[in-house]
Number of protein chains: 2
Amino acid sequence: MDIKTTCLGVLALGEASGYEIRKHFEEGPFSHFAEGAYGSIYPALGRLTQAGLLTCVEHAQDGRPDKKVYSITDAGHHALLDAMHKLPPDDKYKSDFLFILFFTDHQSPEWVAEVIDARIASYREKLERMAECEFAEAGHRGPRLVHGFGVAIYQSALDYLVQNREAFIDAAGRTDLVQAAE
Amino acid sequence: MDIKTTCLGVLALGEASGYEIRKHFEEGPFSHFAEGAYGSIYPALGRLTQAGLLTCVEHAQDGRPDKKVYSITDAGHHALLDAMHKLPPDDKYKSDFLFILFFTDHQSPEWVAEVIDARIASYREKLERMAECEFAEAGHRGPRLVHGFGVAIYQSALDYLVQNREAFIDAAGRTDLVQAAE
DNA sequence: TCGAAATATATCGTTTCGATATATGCACCC
DNA sequence: GGGTGCATATATCGAAACGATATATTTCGA
């Protein structure tokens, strides 16, 4: 989904400012499967409003720019539904973490331990956060089921790292990348 | 990792042409945690060669452009190691599939079934492919362990979808997105 | 009291990508 | 034999996205 569609998705949950939309991508349920930076959010909001898919109300604030609150329109809802009515392509997944681990043989055991332990801690924290924010809302089971999907994935990743931590560390330092290439 | 670093990573495994590097990102072990399109690969190869991190040998071909085969240099290896010696940021994950499922309540049961069944088939195929391409190479356990990580993730995702398929379909069609907004 | 973070609006240069251009060989189907 | 699609090769370019930055006040914690 392009940034306009994901902004529509966020606003389908309720009105929000550009800053708040960014927070949805950083911390909300969307943070596990969508992204958007200020650099693309603000231009997208402008274009969506101009296209009639959003409305915007400005609230004056003291010592700060006016807060612009966006709401999705009926046309916006229809555009969102249209965008979701195509078979989705494969997910896009980029992991510096797995990239580094892929070359475990060429890293020091100390470094591999540090990287893995930091990731284990991060997954544990995410899972705690996800356990705290349960969607109890009746009638909206889609978010809850997707939330469960995310928990399953993080738990599986965490389990694998914990179970294979020693194997990764044991594999480390066995090959000098430069020497191996010669 | 930026495209230059991931190209160095691919070439750390062995020499390759731009076209072959792209294949690594599409089908090889990197396909599960890195991406690169022709639009970024070819410019990156040019810059890396100019920076002395790669060398390039051209092989004449009949009826086709000369094949340019790139190899990593010692300096390239060092640059790669340097890039891997930073704590990796959170992974980046974009999923149109989860985005659509998030709004399951607002989709028809037929559509949700189609989307989930296509994804189940896709995960099964990926797992079959991954089972076929086992890294048996002694001394390079990093790739094998990362491969296992990927298998664990795909298996967990597949299990969750199979187990919750009926719940997703049952949740679908319960809320009219446009009507709910009014 | 002070420093950092949060709250707000944005832009812009850089990076990345998807589509496209060019062209042959091969495989498959009719 | 002809047509179509895919694979194999080199690339570019316009569009999209992002990371860093600018601006400035309020809030919060030490």
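A quick note: this is a predicted structure, and the numbers were derived from the prediction, not measured. Quick note on labels: first sequence line is chain A, next is B, and so on, each numbered from 1. What's counted below: heavy atoms across the whole structure, side chains too, no hydrogens, waters or symmetry copies.
Under the 4.0 Å criterion applied to side-chain N and carboxylate O atoms, K23(A) and E26(A) are assigned as salt-bridge partners. For the pair K86(B) and D96(A), the salt-bridge criterion is not met [side-chain N within less than 4.0 Å of a carboxylate O]. Residues R124(A) and E128(A) are not paired through a salt bridge, judged by the lack of any N-O separation under 4.0 Å between the basic side chain and the carboxylate. The pair R165(A)-D117(A) counts as a salt bridge, with a side-chain nitrogen and a carboxylate oxygen less than 4.0 angstrom apart.
Along DNA chain C, the nucleotide nearest K67(A) and the nucleotide nearest P43(A) are compared for position; the residue whose nucleotide lies closer to the 5' end is K67(A). Residues V69(B) and K92(B) each lie close to DNA chain D; by heavy-atom proximity, the contact nearer the 5' end of the strand is made by V69(B).
Side chain of E20(B), nearest nucleotide from dT8(D), dA8(C), dA9(D): dA9(D).
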For this session: Evaluate side-chain contact (heavy atoms from CB on, under 4.5 Å) for E20(A) paired with K67(A), printing each intermediate quantity in order.
Result: CA-CA 10 Å; E20(A) 287 163 348; K67(A) 182 171 185 177; 3.1 Å; yes
For this session: For the pair Q163(B) and D159(B), evaluate side-chain contact (heavy atoms from CB on, under 4.5 Å) and give the outcome as yes or no after the intermediate values.
Result: CA-CA 6 Å; Q163(B) 283 156 16; D159(B) 291 345; 4.0 Å; yes
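In this structure, the CD atom of E27(A) is 11 Å from the C1' atom of dA6(C), given to the nearest Å. We find that CZ of R22(B) is positioned 14 Å from C1' of dT8(D), with the value rounded to whole Å. The nearest whole Å value for the distance from the CD1 atom in I41(A) to the C1' atom in dC12(C) is 16 Å. Rounding to whole angstrom units, OH of residue Y42(A) and P of dC12(C) are separated by 15 Å. In this structure, the CG atom of D66(A) is 12 Å from the P atom of dA8(C), given to the nearest Å. Whole-Å rounding puts the E26(B) CD to dC17(C) C1' distance at 13 Å. Between the P atom of dC17(C) and the CD1 atom of I21(B) lies a distance of 13 Å, rounded to the nearest Å. In this structure, F25(A) places its CZ atom 13 Å from P of dG19(D), rounding to the nearest Å.
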Between N or O atoms, less than 3.5 Å apart, protein on one side and nucleotides 14-17 of chain D on the other: list the pairs.
{"from": "dA17(D)", "atom 1": "OP1", "to": "I3(A)", "atom 2": "N", "distance (Å)": "3.0"}

Taking N or O atoms only and anything under 3.5 Å, show me the protein contacts with nucleotides 22-26 of chain D, one pair per line.
{"from": "dT25(D)", "atom 1": "O4'", "to": "G63(A)", "atom 2": "O", "distance (Å)": "3.0"}
{"from": "dT26(D)", "atom 1": "O4'", "to": "R64(A)", "atom 2": "NH2", "distance (Å)": "3.4"}

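Side-chain nitrogen and oxygen atoms of Y38(A) include none within less than 4.0 Å of the OP1 or OP2 phosphate oxygen of dT9(C).
With respect to L53(A), the side chain to side chain contact (heavy atoms under 4.5 Å, CB included) criterion is satisfied by exactly one of L48(A), D74(A), I72(A): L48(A). Among F103(B), F102(B), Y93(B), F97(B), the single residue meeting the ring pair (Phe, Tyr, Trp, His ring centres under 6.0 Å) criterion with F33(A) is F102(B).
T5(B) and D2(B) share a side-chain donor-acceptor pair at under 3.5 Å.
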